[in-house]
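Report on the following structure.
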Amino acid sequence: MADLLRRDLSPLTAEAWKEVDDNAARVLKTLLTARTVVDFSGPHGWHLGAVNLGRLSVAPATGPQGVPWGTRQVLPLIEIRVPFALSQMELDGISRGAKDADLGPLEDAARRVAWFEDAAVYRGFSEGGIKGILEQSEQDAVSLPTAGEQYPAAVARAVESLKLEGIPGPYSLVLGRGPFFNLMQSGERGYLPHRIVHDLIGGVVLMSAALDGGLLLSTAPDNFEMTVGHDLAIGYASHDRETVELYFTEAFTFRVLEPAAAIELKA
């Protein structure tokens, strides 16, 4: 019996599906960063539609017979679907032993998915009820220097601010593409700046295309929570004699539990 992904209705062979899944996983594991630095709850399956916030909105007026009432607060999950089309001939070639099948549209779609997920967590997605880390942060932003050699001083100030607020480490640093390579390429001799930064934070330094500057955040538990219903997967939509239309799908939401646990590094 088909599930919601309807993969058993597709013309793809087992070898083709494996190649599609392996390529998608390779790209996504390289680009997804947010889910590695926040608490990850799930996957809980297709049935999960919202996160219980544990709060009650009391109605201003009583109901029939003067009975007080209220509404339980929940945070709905958003569900995304990113379609892409692959050549039927290229997919068939995989089962014939081809090692260089053109799966470019799949990789492009995976990049869009990764950008969307990271951006929702870091910057927010108001249309879906998600408030991101940057917009919720209660800390004053730290300016990110132009020279990569000066990044350790800026990161040290951010770490100091978190510690003064009683926010424990370890901390992780997520930088936009430009700042990330600026840091990694800086320094010619001695103890390199990116190693100093790594020692300062006790966590990882990651790159995300969804950021312009950077973000230092505590990766201790109970600061940030990403909740996933059905995790990232590829489903089948339709096909004709020449192309097969597939899609990425995922259901998730995100919430900030401790607004003081992150600091923006402004480019």
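Each residue takes its place number in the sequence, starting with 1.
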Over 12 foreign heavy atoms within 6.0 Å of CZ, Arg26: yes
His198 side chain vs Gly203 backbone, donor-acceptor pair below 3.5 Å: yes
Qualifying residues under ring-ring contact (aromatic ring centres under 6.0 Å, His included), relative to Tyr247, sequence neighbours excluded: none
Asp21/Lys18 under salt bridge (Lys or Arg N to Asp or Glu O under 4.0 Å): CA gap, chis, key distance, verdict: CA-CA 5 Å; Asp21 288 337; Lys18 184 178 185 305; over 6 Å; no
Closest contact, heavy atoms only, Phe181 versus Met207: CE1-SD, 3.4 Å
Min side-chain heavy-atom separation Pro193-Leu183 under 4.5 Å: yes
Check residues 134-147 and write down every donor-acceptor pair under 3.5 Å in which the side-chain atom is one partner and the other belongs to a residue at least two apart or another chain.
residue : atom : partner : partner atom : Å
Glu135  : OE2  : Gly132  : N            : 2.7
Ser137  : OG   : Gln139  : N            : 3.2
Ser137  : OG   : Ala262  : O            : 2.6
Gln139  : NE2  : Ala260  : O            : 2.9

Verdict with supporting geometry, Glu245 and Arg81, salt bridge (Lys or Arg N to Asp or Glu O under 4.0 Å): CA-CA 12 Å; Glu245 183 177 321; Arg81 178 175 288 207; over 6 Å; no
Derivation of the side chain to side chain contact (heavy atoms under 4.5 Å, CB included) call for Ile196 and Asp199: CA-CA 5 Å; Ile196 299 174; Asp199 290 346; 5.8 Å; no
Ring pair (Phe, Tyr, Trp, His ring centres under 6.0 Å) pairs, two or more places apart, involving residues 144-180: none
Parallel, tilted or perpendicular, as decided by the 30° and 60° cut-offs, for the rings of Phe116 and Phe125: perpendicular
Give the table of side-chain donor-acceptor pairs shorter than 3.5 Å for residues 153-166, with sequence neighbours excluded, one pair per line with atom names and distance.
residue : atom : partner : partner atom : Å
Ser161  : OG   : Arg157  : O            : 3.1

Non-hydrogen side-chain atoms of Val228 and His44 separated by less than 4.5 Å: no
Donor-acceptor pairs under 3.5 angstrom involving side-chain atoms of residues 55-65: please list them, not counting sequence neighbours.
residue : atom : partner : partner atom : Å
Ser57   : OG   : Gln73   : NE2          : 2.7

Flag side-chain contact, heavy atom, 4.5 Å: Leu232 against Thr249: no
Side chains of Leu217 and Asn223 in contact at under 4.5 Å (non-hydrogen atoms): no
Quiz: residues 90-100 side-chain donor-acceptor pairs under 3.5 angstrom, not counting sequence neighbours:
residue : atom : partner : partner atom : Å
Glu90   : OE1  : Asp102  : N            : 2.7
Asp92   : OD1  : Gln88   : NE2          : 3.2
Ser95   : OG   : Thr13   : OG1          : 2.4

Salt bridge present between Arg255 and Asp39 (N-O < 4.0 angstrom): no
